Amino acid sequence: MIDLWWLSIPVIITLFLGLRKLNTTINNPLLKALTNPVFITITLIAILLVSFSLPYSQFASHSQLLSYLLEPAIVALALPLYQQFVHIRRNLLLIVGCCSLGIINATVVATLLSAAFNVPTQLAASVAALSVTTPITLLVTDSLGGIASLAAAMVIFIGLLGALFALLILRQVGIYNHQAQGVAIGTAFHAIGTAAALVEHPRIGAFASVAMALSALLTALIVPLLYPFLSQALL
Amino acid sequence: MDPRTVLKKIFPYLLSSCLILGCLAIAKIIMHWLQGSFPAPLLAMLMLLTLLLTNVVKEHHLAPCAKPLLNVMPLFFIPAGVGFIEHLEIIALQWQFLSAVFILVPLTSLLLIAAVISVFKGRIEHD
């Protein structure tokens with residue numbers, strides 16, 4: 001049998017860049033969220049592997065180079081974080097406080113649900129750090145002993161949910177303040193939600209990207225300290 | 001081409017990559033030494049952010065490699081993201097729990113944060 005695994009990386013790159021190009025041409029916010037290139041690429045590759053019974057371990061080992069590059073890319077996140085810091089100095093305390101509140105709430109609600117459904121500890125750890133962008137979820141979930149890939153998939157789906165319904169929900173409850181909308185969307189629905197917020201209004205998008213960047217930092221600091229305490233008390 | 005010109009062209013990239021990889025290497029050594037579970041890349045990100053905030057490192061020192069890396073960053077977590085297919089059995093078994101998490105975790109955070117900011121800044125946009 002011909003070994004085609006060397007095609008893993010070229011296939012990922014071609015699919016992702018092609019879909020991203022296609023996504024930029026779409027103006028409808030609903031359609032834009034549904035054709036998120038990361039979501040579609042992951043779904044297509046997953047369907048391909050499952051349909052042809054191809055082992056994930058082979059795919060993972062042949063696309064390892066991309067996974068290795070995730071670490072320096074996370075370090076490089078310091079740049080947008082620094083750029084956002086400069087712009088939010090005036091409201092820093094309120095935004096940091098609200099992002100922290102959102103992260104603590106997400107971890108507490110997830111752990112309470114884990115206790116209510118009596119799920120295994122590995123699954124409970126997998127949903128403890130969902131209020132953050134995907135690369136940070138991967139790292140934090142891994143450090144908590146959860147299933148990082150499951151957490152990453154959940155985060156992407158949560159982002160899509162936010163892109164579709166977040167602003168609608170906030171308007172339904174009578175919240176029209178751009179700062180409130182942006183910070184809430186950036187913290188709860190991270191990158192995909194932020195992208196949708198940017199399409200809606202640049203000010204909402206700016207606050208959402210600040211909140212998303214801060215959440216990355218705060219999740220890394222708060223969740224590894226909070227989750228062991230919560231899991232011991234509740235699970 | 002003159003070697004000096006070549007060096008002048010590649011120096012910003014070398015400096016930028018050295019800053020990123022240097023912080024990552026130091027963070028890995030620290031975490032290995034401390035035997036801690038805190039992710040080393042996040043510690044490296046904090047170190048680099050501190051260097052930027054204290055003006056030890058300037059934005060333009062970091063940008064040449066950081067910007068292209070960040071531009072294609074979603075590519076790097078696609079292999080890990082596909083890994084959920086290894087856990088389809090858990091997803092099928094725990095779909096009720098996962099659905100509850102999927103809806104309640106972001107929804108409560110969204111409403112809580114928006115409500116708190118509205119208390120300080122009002123519910124309506126005045127600008």
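In this text, all values refer to a predicted model and were calculated from it rather than measured experimentally.
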Open item on the list: Given heavy-atom pairs under 4.5 angstrom as the criterion, report whether the side chain, backbone, both or neither of B:L52 touches chain A.
Closed with: both
Task: B:L98 side chain near A:V127 side chain, heavy-atom distance below 4.5 Å - done: yes
Task: Spacing of CD1 belonging to B:I91 relative to CG belonging to A:L150, to within rounding of 0.5 Å - done: 5.0 Å
Task: Verdict with supporting geometry, A:F165 and B:L107, side chain to side chain contact (heavy atoms under 4.5 Å, CB included) - done: CA-CA 10 Å; A:F165 301 112; B:L107 192 67; over 6 Å; no
Open item on the list: Restricting to non-hydrogen atoms, name the atom on A:C98 and the atom on B:V116 that form the minimum distance, rounded to 0.1 Å.
Closed with: SG-CG1, 3.7 Å
TODO: Look at A:P135, A:A110, A:G182, A:A60 and state which one has the largest set of heavy-atom pairs under 4.5 Å with chain B.
DONE: A:P135
Task: Smallest separation among heavy atoms of A:V38 and B:F77, with atom names - done: CG1-CE1, 3.7 Å
Open item on the list: What's the separation between atom CE in B:M45 and atom CG in A:L217, rounded to the nearest 0.5 Å?
Closed with: 5.0 Å
Task: Closest non-hydrogen atom pair, B:A44 against A:V75 - done: CB-CG2, 3.7 Å
TODO: Report, as yes or no, whether the 6.0 Å neighbourhood of atom CG on A:L93 holds more than 12 heavy atoms from other residues, nucleotides or ligands.
DONE: no
Task: A:I9 versus chain B, the contacting section by heavy-atom distance below 4.5 Å - done: neither
Open item on the list: Between B:E59 and chain A, with a heavy-atom cut-off of 4.5 Å, which part of the residue counts as in contact: side chain, backbone, both or neither?
Closed with: both
- [ ] Output the distance between atom CD1 (B:I124) and atom OH (A:Y176), rounded to the nearest 0.5 Å.
- [x] 7.0 Å
Task: Top contributor to chain B contacts, counting heavy-atom pairs under 4.5 Å, from A:F189, A:F117, A:Y56 - done: A:Y56
- [ ] Identify the two heavy atoms, one from B:F76 and one from A:L66, that lie closest to each other, and give their separation to 0.1 Å.
- [x] CB-O, 3.3 Å
Open item on the list: Does any backbone or side-chain atom of B:L88 lie under 4.5 Å from a heavy atom of chain A? Answer side chain, backbone, both or neither.
Closed with: side chain
- [ ] Any chance you could measure B:I85, atom CD1, to A:T43, atom OG1, to the nearest 0.5 Å?
- [x] 11.5 Å
Task: Structural part of A:I169 lying under 4.5 Å from a heavy atom of chain B - done: side chain
TODO: Would you check, one step at a time, whether the test side chain to side chain contact (heavy atoms under 4.5 Å, CB included) holds for A:I42 with B:F84?
DONE: CA-CA 10 Å; A:I42 288 177; B:F84 81 91; 3.8 Å; yes
Open item on the list: Given heavy-atom pairs under 4.5 angstrom as the criterion, report whether the side chain, backbone, both or neither of A:Q181 touches chain B.
Closed with: neither
- [ ] Provide the closest heavy-atom pair for A:S149 versus B:A80 in the form atom of the first, atom of the second, distance.
- [x] CB-O, 2.9 Å
- [ ] Check whether any side-chain heavy atom of B:M73 lies under 4.5 Å from a side-chain heavy atom of A:L69, and answer yes or no.
- [x] no
TODO: Hey, could you give me the CG/CD1 distance between A:L161 and B:I103, rounded to the nearest 0.5 Å?
DONE: 7.0 Å
Open item on the list: Using side-chain heavy atoms (C-beta onward) and a distance below 4.5 Å, is A:L123 in contact with B:I90?
Closed with: yes
Open item on the list: Between B:R123 and A:I175, is there a side-chain heavy-atom distance shorter than 4.5 Å?
Closed with: yes
Task: B:F120 versus chain A, the contacting section by heavy-atom distance below 4.5 Å - done: side chain
Task: Close side-chain approach of A:L221 and B:L46, heavy atoms under 4.5 Å - done: yes
- [ ] Answer with side chain, backbone, both or neither: which region of A:F157 has an atom nearer than 4.5 Å to a non-hydrogen atom of chain B?
- [x] both
Task: Leading residue by heavy atom contact count with chain A [cutoff under 4.5 Å; candidates B:V82, B:L69, B:L43] - done: B:V82
Open item on the list: Could you check whether any side-chain heavy atom of A:V140 comes within less than 4.5 Å of a side-chain heavy atom of B:L42, counting everything from C-beta outward?
Closed with: yes
Open item on the list: Between A:S126 and chain B, with a heavy-atom cut-off of 4.5 Å, which part of the residue counts as in contact: side chain, backbone, both or neither?
Closed with: neither
Task: Donor-acceptor under 3.5 Å (A:N177 side chain, B:I117 main chain) - done: no
- [ ] Count the heavy-atom pairs under 4.5 Å between each of A:L130, A:L101, A:I136, A:I104 and chain B, then report the option with the highest count.
- [x] A:L101
Task: A:L94, part contacting chain B, at a heavy-atom distance under 4.5 Å - done: side chain
- [ ] Taking the side chain as every heavy atom from C-beta outward, state whether B:S109 and A:T187 have any pair of such atoms under 4.5 Å apart.
- [x] no
TODO: Answer with side chain, backbone, both or neither: which region of B:L51 has an atom nearer than 4.5 Å to a non-hydrogen atom of chain A?
DONE: neither
Task: Part of B:L70 lying under 4.5 Å from any heavy atom of chain A - done: side chain
Task: Among A:S114, A:A166, A:P120, residue most engaged with chain B (heavy-atom pairs, under 4.5 Å) - done: A:S114
Open item on the list: If I measure from the heavy atoms of chain A, does B:L19 come under 4.5 Å with its side chain, its backbone, both, or neither?
Closed with: neither
- [ ] Kindly indicate, with the supporting measurements, whether the criterion side chain to side chain contact (heavy atoms under 4.5 Å, CB included) is fulfilled by A:T41 and B:L75.
- [x] CA-CA 9 Å; A:T41 310; B:L75 257 178; over 6 Å; no
TODO: Select one option (side chain, backbone, both, neither) describing which atoms of A:N91 are under 4.5 Å from chain B's heavy atoms.
DONE: side chain
Open item on the list: Out of B:P106, B:A66, B:S118, return the one with the most heavy atom pairs under 4.5 angstrom to chain A.
Closed with: B:P106
TODO: Mind checking the CG-NE2 spacing from A:L79 to B:H60? Nearest 0.5 Å is all I need.
DONE: 12.0 Å
Task: B:V105 side chain reached by A:M154 side chain, heavy atoms, under 4.5 Å - done: no
Open item on the list: For the interface with chain B, which of A:A106, A:P80, A:A152 has the highest count of heavy-atom pairs at distances below 4.5 Å?
Closed with: A:A106
